[in-house]
Amino acid sequence: MIPRKHLLFIAMAVLANAGLSAYYYPRLPNPCPIHWNLHGEVDDYGSPMTLAMLGPGVSLGIAVLMSVLPLLGPMRSNFETFRVTYGRIAVTLAVFFFGIQIVLLLAATENRLRIGPSLCVLFGLMFAVLGNWMGKLRRNLYVGIRTPWTIANDVVWEKTHRLGGRLFVLAGLISAAAGLFASEKACFVTLMTSIGVSVIWSGLYSLVVYRRLGQVDDFAPGSTGHVK
């Protein structure tokens with residue numbers, strides 16, 4: 001389902017994640033920082049192996065999951081209509097988790113790194129990139145803004161994702177900018193607020209559109225909609 005060239009990029013990102021973790025493993029302190037609080041202070045420790053395996057393991061798991069999801073459940077055929085976009089999303093996530101691992105490894109070995117702002121920039125850029133592609137997604141159960149109303153109707157899905165895409169791009173850019181200038185706590189608040197507002201606004205908008213269309217539900221008995 002995912003185009004081959006995108007699978008190649010995903011594999012490269014996972015291998016790079018594993019390679020970098022292997023390179024840093026001898027340099028990691030023991031015990032190794034594995035969690036930081038809102039002020040950028042370490043509040044939990046683990047073994048170097050825990051941190052070294054975290055990034056590659058999560059990245060590989062996400063890659064496998066995204067490869068399998070299009071084969072499961074209803075509306076499977078819809079994935080073919082946006083398979084390139086789906087592949088790009090999978091690549092973006094693989095690169096994102098590679099970036100997260102870089103930040104965690106550097107934070108564990110370099111005291112000067114501001115982990116909160118760094119993660120805020122990464123999350124912001126990821127949301128901005130994904131938001132740019134939201135309008136190309138088609139109705140499915142796994143990726144996108146999935147509310148009862150977007151799942152029920154194609155028009156609701158498309159209108160919601162056009163708006164949601166713009167909101168996510170804006171929220172991502174705001175969060176990335178905050179990561180460059182704001183404090184640790186301010187970055188967290190900015191990221192959570194901007195993304196939260198985008199999600200809630202998109203969800204409520206999908207309900208409004210659904211009602212304006214007369215609550216047409218393609219899953220309802222006797223509906224003329226086609227759900228595969």
Side-chain angles (χ1 to χ4, degrees), residues 1-14 58-98 123-172 194-228:
M1 184 66 67
I2 297 177
R4 290 183 179 180
K5 66 177 181 179
H6 293 143
L7 287 174
L8 177 60
F9 287 135
I10 293 169
M12 291 171 60
V14 172
V58 172
S59 184
L60 179 60
I62 293 296
V64 172
L65 180 63
M66 293 202 69
S67 298
V68 172
L69 284 180
L71 306 176
L72 305 175
M75 295 182 281
R76 294 187 297 273
S77 61
N78 280 1
F79 276 93
E80 285 296 330
T81 65
F82 66 94
R83 64 191 302 266
V84 173
T85 299
Y86 185 73
R88 289 172 179 171
I89 291 173
V91 171
T92 299
L93 291 178
V95 173
F96 168 73
F97 283 110
F98 180 38
F123 273 98
L125 292 177
M126 180 193 68
F127 280 113
V129 171
L130 296 182
N132 187 56
W133 293 326
M134 272 191 177
K136 298 180 180 180
L137 299 178
R138 292 299 174 262
R139 199 156 46 123
N140 70 92
L141 296 180
Y142 305 118
V143 292
I145 302 169
R146 301 175 309 283
T147 69
W149 312 291
T150 58
I151 295 298
N153 185 275
D154 274 325
V155 175
V156 178
W157 175 280
E158 292 171 9
K159 287 181 176 292
T160 300
H161 280 75
R162 284 199 295 270
L163 172 67
R166 291 192 290 269
L167 293 175
F168 270 71
V169 169
L170 179 60
S194 59
I195 298 303
V197 169
S198 299
V199 171
I200 294 172
W201 191 344
S202 299
L204 292 176
Y205 179 75
S206 69
L207 173 59
V208 171
V209 175
Y210 179 73
R211 288 183 172 177
R212 285 178 179 174
L213 292 174
Q215 305 185 60
V216 178
D217 191 339
D218 292 344
F219 283 97
S223 170
T224 58
H226 299 283
V227 179
K228 298 180 181 180

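Quantities reported herein were computed from a predicted structural model and do not represent experimental measurements.
- A donor-acceptor pair under 3.5 Å links the side-chain atoms of Asn78 to the main chain of Arg139, judged by distance alone.
- Atoms CG and CG, on Leu137 and Leu130 in that order, are 9.0 Å from each other to the nearest 0.5 Å.
- In this structure, His161 NE2 and Leu167 CG are separated by 12.0 Å, a value rounded to the nearest 0.5 Å.
- Contact between Leu71 and Arg76 at its shortest, heavy atoms only, is O-CD, 3.1 Å.
- Atom CG of Asn140 and atom CG of Leu72 lie 12.0 Å apart (nearest 0.5 Å).
- In this structure, CD1 on Ile89 lies 10.5 Å from NE2 on His6, to the nearest 0.5 angstrom.
- With hydrogens and angles left out, the side-chain atoms of Thr150 and Ser206 include no donor and acceptor closer than 3.5 Å.
- Note: Trp157 CH2 to Thr147 OG1 = 8.5 Å, rounded to the nearest 0.5 Å.
- Counting all heavy atoms, side chain and backbone alike, Ala13 lies closest to Ala94 at CB-CB, 3.8 Å.
- Between Ser67 and Leu7 the shortest heavy-atom distance is OG-CD2, 4.1 Å.
- Between Val156 and Lys159 there is no side-chain heavy-atom pair separated by less than 4.5 Å.
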Under the side chain to side chain contact (heavy atoms under 4.5 Å, CB included) rule, what do Val14 and Phe97 come out as? Steps first, then yes or no, please. CA-CA 9 Å; Val14 172; Phe97 283 110; over 6 Å; no

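- Under the 3.5 Å distance criterion, the side-chain polar atoms of Trp149 are left unmatched by any main-chain donor or acceptor of Val208.
- Residues Val169 and Gly131 come closest through the heavy atom pair CG2-C, 3.6 Å.
- A search for side chain to side chain contact (heavy atoms under 4.5 Å, CB included) contacts involving Tyr86 returns Ile2, Met66, Leu69, Pro70, Phe79, Phe82, Val143, not counting sequence neighbours.
- Put simply, CG on Asn153 and CD on Glu158 are 9.0 Å apart, with the number rounded to the nearest 0.5 Å.
- Ring pair Phe127/Phe168 is tilted by interplanar angle, where 30° to 60° counts as tilted.
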Does Val95 form a side chain to side chain contact (heavy atoms under 4.5 Å, CB included) with Met126? I'd like the steps, not just the answer. CA-CA 9 Å; Val95 173; Met126 180 193 68; over 6 Å; no

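- For Gly164 against Ser202, the heavy-atom pair with the smallest separation is CA-OG, 3.4 Å.
- The main-chain N or O of Leu141 is found under 3.5 Å from a side-chain atom of Arg146 such that the two form a donor-acceptor pair.
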